[in-house]
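Any value given below was found using the heavy atoms of this structure, including those in side chains, with hydrogens, waters and symmetry copies removed.
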Amino acid sequence: MSEPVEFRTALRDALDEELAADETVILFGEDVALAGGAVAVTGGLFEKYGPGRVFDTPISELAMTGAAYGAAISGMRPVLEIMFGDFLALSMDSLINQASKYWFLTQGRQSVPLVIRSVVGAGGRFGAIHSQMPISWLMGVPGLKIIAPSTPNSAKGLLKAAIRDPNPVLFFEHKRLYSKKGLIDDSEPSRIGAAKVVREGSDITLVTAMKSVDDCLEAAETLASEGISAEVIDLQTIRPFDAPTILRSLAKTNRIAVVEEGPLTGGWAGEVLAVVTEQGLGDIDDAWRIATPDAPVPYSPPLEDAFLPGAQRIADEVRRRA
């Protein structure tokens, strides 16, 4: 049996394998080459593949996204690292007005195989402008896929799937998961858009992604000791998300809480609830969101901890509505 590997190692292995398998794959961004990545994901890849395949860029997110878009429509498969997801705001024109629409504007004749990897999420004491969750900024953009893994196994499999995808993929890596360890299963390829039931239950369905999967599993363990059986679904992909898996769970539990690390207003949790309500209204007795306040992420450690929808808050809310 293989040994558990860290989340960051799983990502590096996926990049290594795809660089080796396809000469059109290139990797670039701030500090990804000589420094081995700001979060130590890309170490050794520059030395192995050279400056033509793995290289550092100036600090200009708009410029590097434009370069990635240009490379993608010119026959390459660029993987771009934007150091923090907060800085994606600087990439919006190239990403939204160009890359996400090119397939449509060329009537399906030209794909844009572009992956943007970025560090997201709070809980690391990085302050208000290095801790955001930018998914809600991008959820409504047709042509983009948004991947949000929670384990080393899903991180590796979904990053490989993203690199092979013919059109733009945003691949978000939660900063509090990089040291998480887990086993890797390479027996089946990962599929973008497929959720996973990571804990079976019968009383309530908890739907979530990334770091919040661990929080929901911890909350479910606490609730189980009190006689409340929670089913936990790891979405893995936020856009498109796997509504059929959620609906199958709801047919059994009749209650759903969507846990999102992100602002309550305009978040992806609301979209999940809207879709499952439209498609499964007869199976829902109770539905609500558990998210962060509509406020910037605090820097103070006690305030940041209270700001996040952690395991205790999830258990408290389920218990209160049981």
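- Of the possible polar contacts, one joining the D203 side chain to the S229 backbone as a donor-acceptor pair under 3.5 Å is found.
- Residues S111 and P166 approach most closely at CB-O, 2.9 Å, considering heavy atoms.
- The ring-ring contact (aromatic ring centres under 6.0 Å, His included) analysis of residues 271-322, with sequence neighbours excluded, yields no pairs.
- No side-chain heavy atom of E260 sits under 4.5 Å from any side-chain heavy atom of S212.
- Atom-to-atom distance recorded for I147:CD1 and R239:CZ is 13.0 Å, nearest 0.5 angstrom.
- Looking at heavy atoms from C-beta onward, S150 lies out of side-chain contact with Q236 at the 4.5 angstrom threshold.
- Smallest separation of non-hydrogen atoms from A155 and F171: O-CZ, 3.5 Å.
- Side chain to side chain, N153 and T151 fail the donor-acceptor criterion of an N or O pair below 3.5 Å.
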Next on the checklist: For a side chain to side chain contact (heavy atoms under 4.5 Å, CB included) check, start with the C-alpha distance between S94 and L62, then their side-chain angles and the critical distance, and finish with the verdict.
Outcome noted: CA-CA 7 Å; S94 292; L62 178 58; 3.7 Å; yes

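- Rounded to the nearest 0.5 angstrom, I238 CD1 and F172 CZ are separated by 10.0 Å.
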Next on the checklist: Using side chain to side chain contact (heavy atoms under 4.5 Å, CB included), reason through V54 and L15 one step at a time and then give a plain yes or no.
Outcome noted: CA-CA 11 Å; V54 180; L15 292 167; over 6 Å; no

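- With respect to the salt-bridge test (charged N to carboxylate O, under 4.0 angstrom), the residues R77 and D165 do not qualify.
- Heavy-atom neighbours of E23 CD from other residues, nucleotides or ligands within 6.0 Å: at or below the threshold of 12.
- K175 places no side-chain N or O within 3.5 Å of a backbone atom of A122 that could act as its donor or acceptor partner.
- Annotation: side chain of K211 is not in contact with side chain of M133 (no heavy-atom distance under 4.5 Å).
- With hydrogens and angles ignored, the 3.5 Å screen pairs a side-chain donor or acceptor of R53 with a backbone N or O of L19.
- Within 6.0 Å of CD1 in I59 there are 12 or fewer heavy atoms belonging to other residues, nucleotides or ligands.
- Taking the charged nitrogens against the carboxylate oxygens, R164 and D22 have no contact shorter than 4.0 Å, which rules out a salt bridge.
- Within a 6.0 Å sphere centred on NZ of K101, heavy atoms belonging to other residues, nucleotides or ligands number more than 12.
- One hydrophobic cluster, built from ILVMFWY side chains closer than 4.5 Å, holds both W137 and V141.
- Using a distance-only test at 3.5 Å, with no hydrogens or angles considered, a donor-acceptor pair links the side chain of T222 to the main chain of E218.
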Checklist entry - Going through the checks in order, is the side chain to side chain contact (heavy atoms under 4.5 Å, CB included) test met by E271 and M139? => result CA-CA 9 Å; E271 180 64 18; M139 189 68 181; 4.1 Å; yes

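- Counting only distance, with no hydrogens or angles, the side chain of T292 and the backbone of G262 share a donor-acceptor pair below 3.5 Å.
- Within the model, atoms CZ of R289 and CH2 of W268 stand 11.5 Å from one another, a figure rounded to the nearest 0.5 Å.
- Listed by first and then second residue, the ring-ring contact (aromatic ring centres under 6.0 Å, His included) pairs that reach into residues 30-63 are F28-F55, sequence neighbours excluded.
- Connection of I204 to V272 is not established within any shared hydrophobic cluster, with ILVMFWY side chains joined at heavy-atom distances below 4.5 Å, either directly or through further cluster members.
- With hydrogens and angles ignored, the 3.5 Å screen pairs no side-chain donor or acceptor of S136 with any backbone N or O of G267.
- Classification of K252 and E200 as a salt-bridged pair holds, one side-chain N sitting under 4.0 Å from a carboxylate O.
- To the nearest 0.5 Å, the span separating CG on D214 from NZ on K180 amounts to 3.5 Å.
- Here the shortest heavy-atom pairing between A68 and P78 reads O-CG, 3.3 Å.
- Within the 4.5 Å cutoff, side-chain heavy atoms of E17 are placed close to those of D13.
- The residues R117 and E173 are annotated as salt-bridged, a charged nitrogen and a carboxylate oxygen being separated by less than 4.0 angstrom.
- Without hydrogens or angle criteria, T42 side chain to G37 main chain gives a donor-acceptor distance under 3.5 Å.
- Side-chain atoms of T245 and R248 form a donor-acceptor pair, as typed in the model, at a separation below 3.5 Å.
- Looking only at distances, no side-chain donor or acceptor of D56 sits under 3.5 Å from a matching main-chain atom of E30.
- Clustering ILVMFWY residues whenever any of their side-chain heavy atoms sit less than 4.5 angstrom apart, transitively, puts L250 in a cluster other than the one holding L206.
- D294 contributes a side-chain N or O that, together with a main-chain N or O of L264, makes up a donor-acceptor pair within less than 3.5 Å.
- When hydrophobic clusters are built by joining Ile, Leu, Val, Met, Phe, Trp and Tyr residues whose side-chain heavy atoms come closer than 4.5 Å, directly or via intermediates, V318 is not grouped with I284.
- Pairing each heavy atom of A311 with each of D215, the nearest pair is CB-O, 3.4 Å.
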Checklist entry - Do I73 and Q98 pass the side chain to side chain contact (heavy atoms under 4.5 Å, CB included) test, and can you show the C-alpha distance, the side-chain angles, and the key distance before you say yes or no? => result CA-CA 11 Å; I73 63 173; Q98 308 299 328; over 6 Å; no

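- When all heavy atoms are compared, the tightest approach of P152 to G182 is CG-N, 3.5 Å.
- The CD1 atom of I290 lies 13.0 Å from the CG atom of L308; values are rounded to the nearest 0.5 Å.
- The two residues R191 and L158 make their nearest non-hydrogen contact at O-CD2, 3.9 Å.
- With hydrogens and angles disregarded, no donor-acceptor distance shorter than 3.5 Å links the side chain of D234 to the backbone of A209.
- In this structure, the separation between OG1 on T237 and CG on D242 is 8.5 Å, given to the nearest 0.5 Å.
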Give every donor-acceptor pair under 3.5 Å between a side-chain atom in residues 82-91 and any protein atom, sequence neighbours left out.
unit_1 : atom_1 : unit_2 : atom_2 : d
D86    : OD2    : H130   : N      : 3.3
D86    : OD2    : S131   : N      : 3.2
D86    : OD2    : Q132   : N      : 3.0
D86    : OD2    : Q132   : NE2    : 2.8
S91    : OG     : E61    : O      : 3.4
S91    : OG     : T65    : OG1    : 2.8

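- Salt-bridge formation is detected for the pair R319/D316: a Lys NZ or Arg NE/NH1/NH2 atom is positioned less than 4.0 Å from an Asp or Glu carboxylate oxygen.
- Criterion: ILVMFWY side-chain heavy atoms under 4.5 Å apart, direct or through other members. Under it, V207 and V213 are not part of a common hydrophobic cluster.
- A heavy-atom distance below 4.5 Å is not found between the side chains of E18 and L159.
- No side-chain donor-acceptor contact under 3.5 Å links E231 and T253.
- A heavy-atom distance below 4.5 Å is not found between the side chains of V259 and E317.
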